[in-house]
*Asks:* 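Please read through the structure below; I'll follow up with questions.
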2 protein chains.
Amino acid sequence: MTDRARIDDGTTESASKTINRMSEGACCEEAFPANRRISDEEIDGELSVFKALANEKRLRIIEALRDGELCACELETILDAPQSTVGTHLSRLREAGIVRTRKDGKWTYYRIADTASLQLLDLARALSESDR
Amino acid sequence: MTDRARIDDGTTESASKTINRMSEGACCEEAFPANRRISDEEIDGELSVFKALANEKRLRIIEALRDGELCACELETILDAPQSTVGTHLSRLREAGIVRTRKDGKWTYYRIADTASLQLLDLARALSESDR
DNA sequence: AGTTCGAATCGAATATTCTCGATTCGAGGA
DNA sequence: TCCTCGAATCGAGAATATTCGATTCGAACT
């Protein structure tokens, strides 16, 4: 919609310390103490993330934000959906902490909050491709 | 319910080749060609995985199966929900390829199909804990 | 001030998912 | 064979989520 200056990338916050911890030692293994009863709060946390990702339009939004931020109006074009629909999905993603916003004049730019979200999509894709 | 012999663990299939590929090089980074337009089939694949995980009872089932297989009746006790409810959730997880079954007499034992599912939960938990 | 544009939110119709009693099915016994 | 137990499935009501027109809000401009 506009060719104004963009913060192309590098502004997405790095993955959380916990996720970095997952990267040490045997890659992506034994991130948590293995045999530990899980709490309700942790289940709720996982649930809120998965609910935020369990929608086609929201997945498309995240995929579109892989290579950098986009404003809401650009996402409307990409999704080919009305403003209120896209706005609702963006609000859900923001509430879930998946995306962050930056305001510039009357435009609102969205970006991925944590690259761990993208790893999540990659893992899900690999998982779905492996069993068919 | 019963103290019959169990295949305690080691029977869950190893993560898919694609996921193993993700483990090489810089851990859990650049698993996919980076700048590549995603297809509808891939979105559908991601979506089916996330939809299967976007439910509290199903997450509890998966967490319960972390340290080995369990039969349906044991999961009914753990979830404290009626047989038909638990059975429905188990069917969904099986259809999504998240769990596999083994029949022994009149019992059906469930186990995690791919450890990548557990990594998915760990990542989601870390993500939800990082932004609060 | 008023106007316009982009975006957030409201609210109600629609669509999807969840729950769970009831039924069916299959594997062992008696 | 009949009976029982564990589990899969059906079906309908309840709960949740999605859609999107309409409204509101804020920033920029006149």
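Every heavy atom of this structure was used, including side-chain atoms; hydrogens, water molecules and symmetry mates were not. Letters A, B, ... are given to chains in the order of the sequence lines, protein chains preceding strands, and every chain is numbered from 1.
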*Asks:* Between P on D/dT19 and CD1 on A/I61, what's the gap in Å once rounded to a whole number?
*Replies:*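 About 10 Å, once rounded to whole Å.
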*Asks:* Quick one: is C/dT9 close enough that its OP1 or OP2 comes under 4.0 Å of any side-chain N or O from A/R94?
*Replies:* yes
*Asks:* Write down the distance between CD (B/E95) and P (C/dC18), rounded to a whole number of angstrom.
*Replies:*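 Taking CD of B/E95 and P of C/dC18, I get 12 Å after rounding.
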*Asks:* Any chance you could measure B/L65, atom CG, to B/Y110, atom OH, to the nearest 0.5 Å?
*Replies:*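 Answer rounded to 0.5 Å: 10.0 Å.
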*Asks:* For the CG atom of B/N55 and the CG atom of A/L47, what is their distance to the nearest 0.5 Å?
*Replies:*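 CG of A/L47 is found 7.0 Å from CG of B/N55.
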*Asks:* Calculate the interatomic distance between A/E76 atom CD and D/dC20 atom C1'; express it in whole Å.
*Replies:*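 Rounding to the nearest Å, CD of A/E76 and C1' of D/dC20 are 12 Å apart.
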*Asks:* Rounded to whole Å, how long is the line connecting atom CG of A/L90 with atom C1' of C/dT9?
*Replies:*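 Going from CG in A/L90 over to C1' in C/dT9 covers 13 Å.
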*Asks:* Please identify which of these residues, A/E56, A/R125, A/K57, meets the side chain to side chain contact (heavy atoms under 4.5 Å, CB included) condition with B/I43.
*Replies:*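 By the side chain to side chain contact (heavy atoms under 4.5 Å, CB included) criterion, B/I43 pairs with just one of A/E56, A/R125, A/K57: A/E56.
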*Asks:* Starting from the C-alpha separation in whole Å, work towards a yes-or-no answer on salt bridge (charged side-chain N to carboxylate O under 4.0 Å, His left out) for A/R60 and B/D40.
*Replies:* CA-CA 10 Å; A/R60 288 189 190 283; B/D40 289 358; 3.2 Å; yes
*Asks:* Does the side chain of A/N55 get closer than 4.0 angstrom to OP1 or OP2 of D/dA17 through an N or O atom?
*Replies:* no
*Asks:* Does A/D80 have any salt bridge (charged side-chain N to carboxylate O under 4.0 Å, His left out) partners at least two apart in sequence or in another chain, and if so, which?
*Replies:*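 A/D80: no salt bridge (charged side-chain N to carboxylate O under 4.0 Å, His left out) contacts found.
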*Asks:* For the side chain of B/C71, counting heavy atoms from C-beta on, which of D/dT18, D/dA7, D/dT9 is nearest?
*Replies:*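 Selected nucleotide (nearest to the side chain): D/dA7.
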*Asks:* Just the rounded figure in Å: distance from C1' of D/dA17 to NZ of B/K51.
*Replies:*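 Value for this atom pair: 10 Å.
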*Asks:* Verify the contact: side-chain N or O of B/T108 to OP1 or OP2 of D/dG6, cut-off strictly under 4.0 Å; return yes or no.
*Replies:* no
*Asks:* C/dT19 phosphate, OP1 or OP2: any side-chain N/O from B/H89 under 4.0 angstrom?
*Replies:* yes
*Asks:* Report the distance from atom CD of B/E56 to atom C1' of D/dA15, rounded to the nearest whole Å.
*Replies:*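 Nearest whole value for this atom pair: 14 Å.
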*Asks:* Roughly how far apart are B/E41 CD and A/S128 OG, rounded to 0.5 Å?
*Replies:* 11.0 Å
*Asks:* Generate the contact string for nucleotides 20-30 of chain C. Rules: B means base contact, S means sugar-phosphate contact only, - means no protein heavy atom under 4.0 Å.
*Replies:* BBB----SS--
*Asks:* Under the rule for salt bridge (charged side-chain N to carboxylate O under 4.0 Å, His left out), what residues qualify as partners of B/R92, not counting sequence neighbours?
*Replies:* none
*Asks:* Which whole-number value in Å describes the distance from A/E74 CD to C/dA7 C1'?
*Replies:* 14 Å
*Asks:* Would you say a side-chain N or O of B/Y110 is under 4.0 Å from OP1 or OP2 of D/dA8?
*Replies:* yes
*Asks:* Do the side-chain N or O atoms of A/R102 get closer than 4.0 angstrom to the phosphate oxygens (OP1, OP2) of C/dA7?
*Replies:* no
*Asks:* What is the distance, rounded to the nearest whole Å, between atom CZ of B/R60 and atom C1' of C/dC18?
*Replies:*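 The answer, rounded to whole Å, is 16 Å.
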*Asks:* Phosphate oxygens OP1/OP2 of C/dT17: is one of them under 4.0 Å from a side-chain N or O of B/R92?
*Replies:* no
